[in-house]
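Below: the structure, in structure tokens.
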Amino acid sequence: MTPDTEERPQMSVEDFEELVRRAPRELRNRLEFLGGRLCIRHGPLDVEEFEELAEAAPETVRLEYINGKVVVKAMPDGNHGEIFMWLLRQCMQQRPELNLMPERGVKAEAYRKGRAITDGFLAPVGHFRGHGNWSDTDGALMAVEITSRDRDTDKRDRIDKPVGYAEADIPVYLLIDRDNNAITVYSDPKDGRYQQSPSYAWGATVELPPPVIITLDTEELKDYAD
């Protein structure tokens with residue numbers, strides 16, 4: 001984690017005020033902004049209340065529901081976007097029958113009670129036709145997260161999401177870790193945990209396991225070290 005992320009707010013005061021303005025009336029007085037964090041008063045939201053709030057949120061605010069808590073996902077910066085496009089090109093070249101859908105909302109965790117916004121979600125072409133804001137994970141091959149420069153990325157991307165995606169039986173979870181200049185490949189979900197999670201330094205050749213079966217040449221990622 002970079003030294004300044006611990007004090008970085010989840011969102012701006014202006015974005016919080018806009019979120020409150022747009023929120024369903026019955027939820028407005030439950031939203032607080034304390035210490036740079038979005039907080040929920042009077043107990044946690046349930047999944048249905050969260051979905052209402054997330055649907056009303058402005059475009060500059062991306063909300064997730066992790067372990068029963070509402071969290072704010074950082075907006076991607078330029079290097080984040082370039083890394084996603086690097087991965088997209090490799091997926092399209094090697095598996096043209098698949099789509100890497102950016103910023104796809106998925107129903108994660110046990111019993112699909114979580115709501116996560118993946119940086120990328122790999123599935124067959126046409127898989128998401130007719131889906132709403134949150135997709136079931138059945139039939140998808142891989143979830144992708146690219147760490148952001150925010151204070152919650154450690155717990156969210158390295159701790160909570162490997163559990164949530166494994167519980168939802170997503171076969172592969174690819175974590176591109178910008179803090180450590182590394183890639184971690186989680187695979188073989190069983191009993192809510194990934195059984196395999198090898199890590200590779202940027203520059204290595206990384207073989208993504210079945211059902212993904214894509215070989216990543218990660219040398220280019222060195223250009224986006226920051």
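All values derive from a computational prediction rather than experimental measurement. Every heavy atom of this structure was used, including side-chain atoms; hydrogens, water molecules and symmetry mates were not. Numbers here are sequence positions counted from 1.
Taking all atoms of both residues into account, the shortest heavy-atom contact from Ser135 to Phe128 is OG-CD2, 3.5 Å. Contact between Pro44 and Gly68 at its shortest, heavy atoms only, is CB-O, 3.7 Å. Nearest heavy atoms, Leu63 versus Ala57: CD1-CB, 4.3 Å. Nearest approach of Pro124 to Leu141, heavy atoms of both residues: CD-CD1, 3.9 Å. For the residue pair His127 and Asp138, the shortest heavy atom distance occurs at CE1-O, 3.0 Å. Lys73 and Arg156 make their closest contact through CA-NH1, 4.4 Å (heavy atoms, listed as atom of the first residue, atom of the second, distance).
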Q. Going through the checks in order, is the side-chain contact (heavy atoms from CB on, under 4.5 Å) test met by Met85 and Gln90?
A. CA-CA 9 Å; Met85 294 306 298; Gln90 299 208 44; over 6 Å; no

Q: Go through the steps for Thr118 and Glu103 under the test side-chain contact (heavy atoms from CB on, under 4.5 Å), then give the verdict.
A: CA-CA 5 Å; Thr118 59; Glu103 298 188 9; over 6 Å; no

Q | Verdict with supporting geometry, Lys222 and Asn181, side-chain contact (heavy atoms from CB on, under 4.5 Å) | A | CA-CA 8 Å; Lys222 295 179 179 179; Asn181 293 350; over 6 Å; no

Q: Please test Thr137 against Arg112 for side-chain hydrogen bond (donor to acceptor under 3.5 Å, both in side chains), starting from the C-alpha separation and ending with a verdict.
A: CA-CA 9 Å; Thr137 58; Arg112 306 300 195 264; 3.2 Å; yes

Q) Step by step, would you call Val125 with Leu98 a side-chain contact (heavy atoms from CB on, under 4.5 Å)? A) CA-CA 5 Å; Val125 171; Leu98 303 177; 5.7 Å; no

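A salt bridge links Arg22 and Glu18; the closest N-O separation between the charged side-chain nitrogens and carboxylate oxygens is under 4.0 Å. In this structure, Arg158 pairs ionically with Asp177, as a charged nitrogen and a carboxylate oxygen lie closer than 4.0 Å. By the 4.0 Å N-to-carboxylate-O rule, Lys161 lies close enough to Glu64 to be salt-bridged with it.
The hydrophobic clustering, which links ILVMFWY residues whose side-chain heavy atoms are closer than 4.5 Å, places Val106 and Met142 apart. Cluster membership for Val61 and Leu27, using ILVMFWY side-chain heavy atoms within less than 4.5 angstrom, is shared. With hydrophobic clusters built from ILVMFWY side chains whose heavy atoms lie under 4.5 angstrom apart, Leu45 shares a cluster with Phe16. Tyr173 and Leu87 are members of different hydrophobic clusters when ILVMFWY side chains are connected at heavy-atom separations under 4.5 Å. Following chains of ILVMFWY side-chain contacts shorter than 4.5 Å, one can reach Leu100 starting from Tyr224, so the two form part of one hydrophobic cluster.
Within the 3.5 Å criterion, the main-chain N or O of Ser148 finds no donor-acceptor partner in the side chain of His80. With hydrogens and angles disregarded, a donor-acceptor distance shorter than 3.5 Å links the side chain of Asp46 to the backbone of Glu48. Looking only at distances, no side-chain donor or acceptor of Arg104 sits under 3.5 Å from a matching main-chain atom of Asp119. Side chain of Arg30 to main chain of Arg41: a donor-acceptor pair is present (N/O by atom type, distance under 3.5 Å, no hydrogens or angles). Formation of a donor-acceptor pair under 3.5 Å by the Tyr65 side chain with backbone atoms of Lys107 is not found in this model.
For the pair Gln195 and Ser187, the minimum side-chain heavy-atom distance is 4.5 Å or more. Residues Arg62 and Pro76 form a side-chain contact, since some pair of their non-hydrogen atoms from C-beta on lies under 4.5 Å apart. The shortest side-chain heavy-atom distance between Val144 and Leu122 does not fall under the 4.5 Å cut-off. Looking at Val20 and Phe33, their side chains never come closer than 4.5 Å, going by heavy atoms from C-beta outward. Looking at heavy atoms from C-beta onward, Leu208 lies in side-chain contact with Leu174 at the 4.5 angstrom threshold. Counting heavy atoms from C-beta on, the side chains of Leu175 and Ile183 never come closer than 4.5 Å. Using a 4.5 Å cut-off on side-chain heavy atoms (C-beta onward), Asp77 and Arg178 make contact. Proximity of Glu52 to Glu26: side-chain heavy atoms (C-beta onward) are separated by under 4.5 Å at one or more points.
The number of heavy atoms from other shown groups lying within 6.0 Å of CD (Glu97) is above 12. Counting heavy-atom neighbours within 6.0 Å of Met92 CE, excluding the residue itself, gives a total of 12 or less. Within a 6.0 Å sphere centred on CD of Glu32, heavy atoms belonging to other residues, nucleotides or ligands number more than 12.
Ring-plane geometry between Phe50 and Trp134 is classed as tilted, the angle between the planes lying from 30 to 60 degrees on a 0 to 90 degree scale.
In this structure, a donor-acceptor pair under 3.5 Å is absent between the side chains of Asp179 and Thr147. Neither side chain, Ser197 nor Thr184, offers a donor N or O lying under 3.5 Å from an acceptor on the other. Side-chain contact check for Glu207 and Thr215: at least one donor-acceptor pair (N or O, by modelled atom type) lies under 3.5 Å.
Between Asn133 atom CG and Arg115 atom CZ the span is 10.5 Å, to the nearest 0.5 Å. Note: Thr218 OG1 to Tyr200 OH = 10.5 Å, rounded to the nearest 0.5 Å. Atom OH of Tyr111 is separated from atom CD of Glu167 by 9.0 Å, given to the nearest 0.5 angstrom. Between atom CZ of residue Phe121 and atom CD of residue Glu145 there is a gap of 10.5 Å, rounded to the nearest 0.5 Å. The CG atom of Leu19 sits 5.0 Å away from the CG atom of Leu53 when rounded to the nearest 0.5 Å. Atom SG of Cys91 and atom CG of Asn99 lie 10.0 Å apart (nearest 0.5 Å).
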